[in-house]
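Inspection log for the structure reproduced underneath, given as structure tokens.
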Number of protein chains: 2
Amino acid sequence: MSEMLEERCEDPCEGTLTNSIELLKSEMIPDSTASGLADIFKALGDPTRVKIIYALAQKELCVHDLTQVLDMGQSAISHQLRYLRNLRIVKRRKEGKTVFYSLDDEHVEQIFHQMLQHVKHA
Amino acid sequence: MSEMLEERCEDPCEGTLTNSIELLKSEMIPDSTASGLADIFKALGDPTRVKIIYALAQKELCVHDLTQVLDMGQSAISHQLRYLRNLRIVKRRKEGKTVFYSLDDEHVEQIFHQMLQHVKHA
DNA sequence: CCATCACATGAGCAATTGTTCATATATTGA
DNA sequence: TCAATATATGAACAATTGCTCATGTGATGG
């Protein structure tokens, strides 16, 4: 019944009907979900990590390869790989001294390419 | 033919065949594209902005509404809306004193929801 | 015109981020 | 065992970020 009660009370600015806002508020995304979502997007929100993911989408590569392809220091690459690995976006495979990295989340990879097309088409 | 030439030359660590790396390097994503891609992902990579986008995906809302739904200060919301507007993720519509915001990029909205499902299903 | 409301914006500040530097760990071959 | 190679990691530091506070702008009604 209270859904029918529209219009302002005493205070100004309802924007939209106040009850509707209460409803929206109750159906809001949980904080933990919002943070989890933000964490993955944040991982994709850096040029270096974008390049790493782009390169790994072509083929599995070791750390040294990535330093060549991105023309960056080994330490910087390693730090970013750890970052991406913590979020299960990339995975490792050891072979003797060298460690090969590859993408570990097909869905994220798919979304990455969708956004890439979107940006290129802009 | 050079694709058949595997194995190391004089210097150590090829990871993968050296020529293959040169090829990859030449087919690498341009810096500007990587930055543009990172910029959009970065915009989605913050819990506050995630919540704003989630709310606006339900319906058009004014700034005051968003402060209620997110339980945050008006200034913080305004700053984030400007951020999102600069990237054309949201758009404005003025009606008297109040300004209504809504999503302005269906593709980004679609990707947002895909990632949301992915995170919830994790 | 003036007060009020809705929103925008600049400055400032603490927190986070991405890189470099130095060093640690691990694997291999002599 | 020792040296070399491949990668990982901690500390440090500059740059960026997201918020708050104070104030500015623009529209409305009295």
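Chain letters run A, B, ... following the sequence lines, proteins first, then strands; residues in each count from 1. The model shown is predicted, which means the values in this text are computed figures rather than measured ones.
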N or O in side chain of B/R82 less than 4.0 angstrom from C/dG10 OP1/OP2: yes

Rounded off to whole Å, could you give me the CZ-to-C1' distance for the B/R49 and D/dG18 pair? 8 Å

Distance-only polar pair, side chains of B/S26 and B/E22, donor-acceptor under 3.5 Å: no

Row check, B/Y83 ring normal vs B/R49 NZ/CZ: under 6.0 Å, within 45°: yes

Any side-chain N or O of A/K94 less than 4.0 Å from the OP1 or OP2 oxygen of C/dT27? yes

Taking only side-chain N and O atoms of B/K42, does any of them lie within less than 4.0 angstrom of OP1 or OP2 on D/dT17? yes

Does a side chain donor of either B/K59 or A/S20 reach within less than 3.5 Å of an acceptor in the other side chain? yes

Rounded off to whole Å, could you give me the NZ-to-P distance for the B/K91 and C/dC7 pair? 18 Å

Between A/S35 (side chain) and A/D31 (backbone), is there a donor-acceptor pair under 3.5 Å? yes

In whole angstrom, give the distance that lies between atom NZ of B/K97 and atom C1' of D/dA27. 7 Å

In whole angstroms, how far is the P atom of C/dT16 from the CG atom of A/D39? 12 Å

Both B/Y101 and A/E95 contact DNA chain C. Which one's nearest nucleotide lies toward the 5' end? B/Y101

In whole angstroms, the gap separating P of C/dT9 from CG of B/N86 amounts to 9 Å

When you look at NZ of B/K25, are more than 12 heavy atoms from neighbouring residues, nucleotides or ligands closer to it than 6.0 Å? yes

Sorted by number, residues from residues 68-80 of chain B placing a heavy atom under 4.0 Å from DNA chain C are B/Q74, B/S75, B/S78, B/H79

Before giving the answer on side chain to side chain contact (heavy atoms under 4.5 Å, CB included), spell out for A/H121 and B/H107 the whole-Å C-alpha distance, their side-chain angles and the decisive distance to 0.1 Å. CA-CA 11 Å; A/H121 205 271; B/H107 200 179; over 6 Å; no

Using the six-membered ring wherever Trp is involved, compare the ring planes of A/H113 and A/Y54 and label them parallel, tilted or perpendicular (cut-offs 30° and 60°). tilted

How is B/R85 classified with respect to the nucleic acid when contacts are heavy atoms under 4.0 Å: base, sugar-phosphate, or nothing? nothing

Rounded to whole Å, CG of B/L81 lies from C1' of C/dT9 at a distance of 13 Å

Looking at C/dT9, I'd like to know if its phosphate oxygens (OP1 or OP2) sit under 4.0 Å from a side-chain N or O belonging to B/Y83. no

Find the distance B/L84:CG to D/dG18:P and express it as a whole number of Å. 10 Å

Atom CZ of B/R92 and atom C1' of D/dA27 are separated, to the nearest Å, by 13 Å

Side-chain N or O of A/T98 closer than 4.0 Å to phosphate OP1/OP2 of C/dT27: no

